[in-house]
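Just so it is clear, the values below take in all heavy atoms, side chains as well, and ignore hydrogens, waters and symmetry mates. Worth saying up front: this structure is predicted, and the values here are computed from it rather than measured. Just so you know, ligand 1 is whichever comes first in the structure, and atom 1 is the first atom listed for that ligand.
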Amino acid sequence: MTERIDGHTLLIGLMAYPIRHSMSPTMHNNAFAKLGLNYAYLAFEVGNDKLGDAVNAIRTLDMRGSNISMPNKQKVIQYLDKLSPAAKLNNAVNTIVNDNGVLTGYTTDGTGFMKSLEDEGLNILGKKMVLSGAGGAGTPIAIQAALDGVKEISLFNRDDPSWENAERNVKIINEETKCKATLYHLEDQEVFKRELSDCAIYCDATGVGMKPLEDLSLVNDPSWFHKDMIVYDTVYSPRETKLMKIAKSAGVEHVFNGLGMMLEQGAEAFKLWTDKDMPIDYIRELIF
Ligand code: NAD
C-alpha cells in the first residue's frame, strides 16, 4: 500500500453508518493495486447528520467519488448535481462520480444483480421473476430487471413501512418499462406459492436468513420450488442461508447467495471511477 500512495493518489470514499464491516475497501484497494492504478479507497462512518458536509468534501478535496450506503442512499440525492436515469427511477444512489466538481449519482446494485446472473450463464429476460423485499436491495433489483427486459415481476412485501415503497416500485415499473409488475402481500401464502410455481427466478431481498434471522426462510416447503428455476438470496453472510438449503433440498440446481451481486455492483462503480474493468476473477479468488 505505501508503495502506491504518493502526492497524486486520488481518494474514493464510502459513506455510510455503520460501515466498518464492509468488504468494499478490501475489494477496491486490491483491484487498484493489481492494475497499478493510483487510487485509494477509504470507509468513512457518516450518517444523515454529516452527509452534506461529507459530500461537499468530495468537491473540496477533489476526490474521484464515493460509494454511498445505508442510511444515506436516498438522502444523498439533494447534495448531487446530476443523477443517472436508473438512479432517478430508483430514487437512490450508491455511487458518486466527481467530474471536475460536478457530482453525478448512479446506482449499481441492480445492474450488479443482473450481471451476476449473466456471469453464471443465466438469462431471465422475457421471463417471470418473483421477488420479496422492496428496500435498498429489492428496489434496484426490481427496476433493473424490468428495464433490462424481464417480462413479469410478482413482488411480495409484508405489511410494514416499506409497503409504500413496494407500491412505488410497481407503479414506476408499469409506467416506465414494458414489464408487468404486481404487488402482493407476503402474508398471502397461497398466492406466494402459486406465483412461485411458474417463475424462472425467485429472489429474496429481505435480509431474512441473515443475523438475527439466520434460522428463518420465507419459503419453508421445498415443494414450492421447481428444479429448473433459479433461487437467489441477496444475503452473503452466511454464505448459505436457510432458503438456499431448502432450495437445494428441492433439487434446484441454480442457487446463489449475494456475493456475485456484491462483486458486480463494485465492479461497475470501479469502471465509473477509473474507466477500467475490475479484475473480477482475481478479486473473487482473493476475498470471497
Ligand atoms: P431494507 O431494510 O432497505 O429493506 C428490507 C426489506 O425486507 C423490506 O421490503 C422489508 O419489508 C423486508 N423485510 C425485512 N424483514 C422482513 C421479515 N422478517 N419478513 C419479511 N420481510 C421482511 O434492507 P436492504 O438494504 O434492502 O437489505 C436487504 C438484504 O439485502 C440484506 O440482507 C442486505 O445484506 C442484502 N443486500 C445485499 C447486497 C448485495 O450486493 N448482495 C446489496 C444490498 C443489500
Q: Look at atom 32 (O) of ligand 1 and say which protein heavy atom is nearest, naming residue and atom and giving the distance to 0.1 Å.
A: Gly207 CA, 3.1 Å
Q: Would you check whether Asp160 has a nitrogen or oxygen atom less than 3.5 angstrom from a nitrogen or oxygen atom of ligand 1?
A: yes
Q. What protein heavy atom sits nearest atom 22 (C) of ligand 1, and how far away is it?
A. Arg158 NE, 3.6 Å
**Q.** Proximity winner for atom 6 (C) of ligand 1, if only heavy atoms of Thr206, Asn94, Asp159, Thr108 are counted
**A.** Thr206
Q) With atoms numbered from 1 as shown, which atoms in ligand 1 lie under 4.0 angstrom from a non-hydrogen atom of Val208? A) 16 (C), 17 (C), 18 (N), 19 (N)
Q. Is the closest protein non-hydrogen atom to atom 2 (O) of ligand 1 under 4.0 Å?
A. no
Q: To the nearest 0.5 Å, tell me how far Lys73 NZ sits from Thr139 OG1.
A: 9.5 Å
Q: Using a cut-off of 6.0 Å, state whether more than 12 heavy atoms not belonging to Glu187 lie near its atom CD.
A: yes
Q. Does Gln78 CD have over 12 foreign heavy atoms under 6.0 Å away?
A. yes
**Q.** Donor-acceptor pair, side chain of Asn165 and main chain of Gly135, under 3.5 angstrom
**A.** no
(Q) Pairs of nitrogen or oxygen atoms closer than 3.5 Å, one from Gly136 and one from ligand 1: do any exist? (A) yes
Q.
Quick test: of every protein heavy atom, which one is nearest to atom 42 (C) of ligand 1, and how far off is it to 0.1 Å?
A. Met261 CE, 3.8 Å
Q) Does any N or O atom in Gly133 lie less than 3.5 angstrom from one in ligand 1, N or O only? A) no
Q.
Ring centres under 6.0 Å, that's the criterion: do Phe113 and Phe256 meet it?
A. no
Q: Before signing off on this row, confirm whether Leu213 and ligand 1 have an N or O atom pair separated by under 3.5 Å.
A: no
Q. Would you call the rings of Trp224 and Phe192 parallel, tilted or perpendicular, where under 30° means parallel and over 60° means perpendicular?
A. perpendicular
Q: Go through ligand 1 atom by atom and flag the ones less than 4.0 Å from a non-hydrogen atom of Val235.
A: 32 (O)
Q.
Atom NZ of residue position Lys127 - does it have more than 12 heavy atoms of other residues, nucleotides or ligands inside 6.0 Å?
A. yes
Q. Asn98 pairs by side-chain contact (heavy atoms from CB on, under 4.5 Å) with which of Leu103, Thr104, Leu10?
A. Leu103
Q: Could you tell me whether some N/O pair between Tyr236 and ligand 1 is separated by less than 3.5 angstrom?
A: no
Q. Below 3.5 angstrom, do we get any N/O pair linking Thr234 and ligand 1?
A. yes
Q. How far is atom 8 (C) of ligand 1 from its nearest protein heavy atom, and which residue and atom name does that atom have?
A. Ser162 OG, 3.2 Å
Q: In plain terms, say whether Asp99 and Lys82 are close enough for a salt bridge, that is, a side-chain N and a carboxylate O under 4.0 Å apart.
A: no
Q) Counting heavy atoms only, which of Ala137, Ala166, Gly138 is nearest atom 27 (O) of ligand 1? A) Ala137
Q: Output the distance between atom CG (Asp204) and atom CG (Leu243), rounded to the nearest 0.5 Å.
A: 5.5 Å
**Q.** Which residue and heavy atom of the protein sit nearest atom 41 (N) of ligand 1, plus the separation
**A.** Gly258 O, 2.8 Å
Q) What residue and atom, counting heavy atoms only, is the protein's closest point to atom 28 (C) of ligand 1, and at what distance? A) Ala205 O, 3.5 Å
(Q) Strictly inside 4.0 angstrom of atom 44 (C) of ligand 1, do you find any protein heavy atom? (A) yes
Q.
Does any N or O of ligand 1 fall below 3.5 Å from an N or O anywhere on Asp109, backbone included?
A. no
Q: Using atom types as modelled and distance alone, determine if a side-chain donor or acceptor of Asn94 lies under 3.5 Å from a backbone N or O of Asn67.
A: no
Q | Within 6.0 Å of OH in Tyr184, more than 12 heavy atoms from elsewhere | A | yes
Q. Is it true that Glu167 and Lys171 have a side-chain N and a carboxylate O under 4.0 angstrom from each other?
A. no
**Q.** Nitrogen or oxygen atoms of Leu186 and ligand 1 under 3.5 Å apart
**A.** no
Q) Considering only the protein, which heavy-atom contact is closest to atom 34 (O) of ligand 1, and what is its distance? A) Met210 SD, 3.6 Å
Q.
Heavy-atom distances under 4.0 Å decide this one: backbone, side chain, both or neither, for Asn157 against ligand 1?
A. side chain
Q: Give a yes or no answer on whether the side chain of His28 reaches the backbone of Leu42 with a donor-acceptor pair at less than 3.5 Å.
A: no
Q: Identify the protein heavy atom lying closest to atom 4 (O) of ligand 1, giving its residue, its atom name and the separation to 0.1 Å.
A: Gly135 CA, 3.4 Å
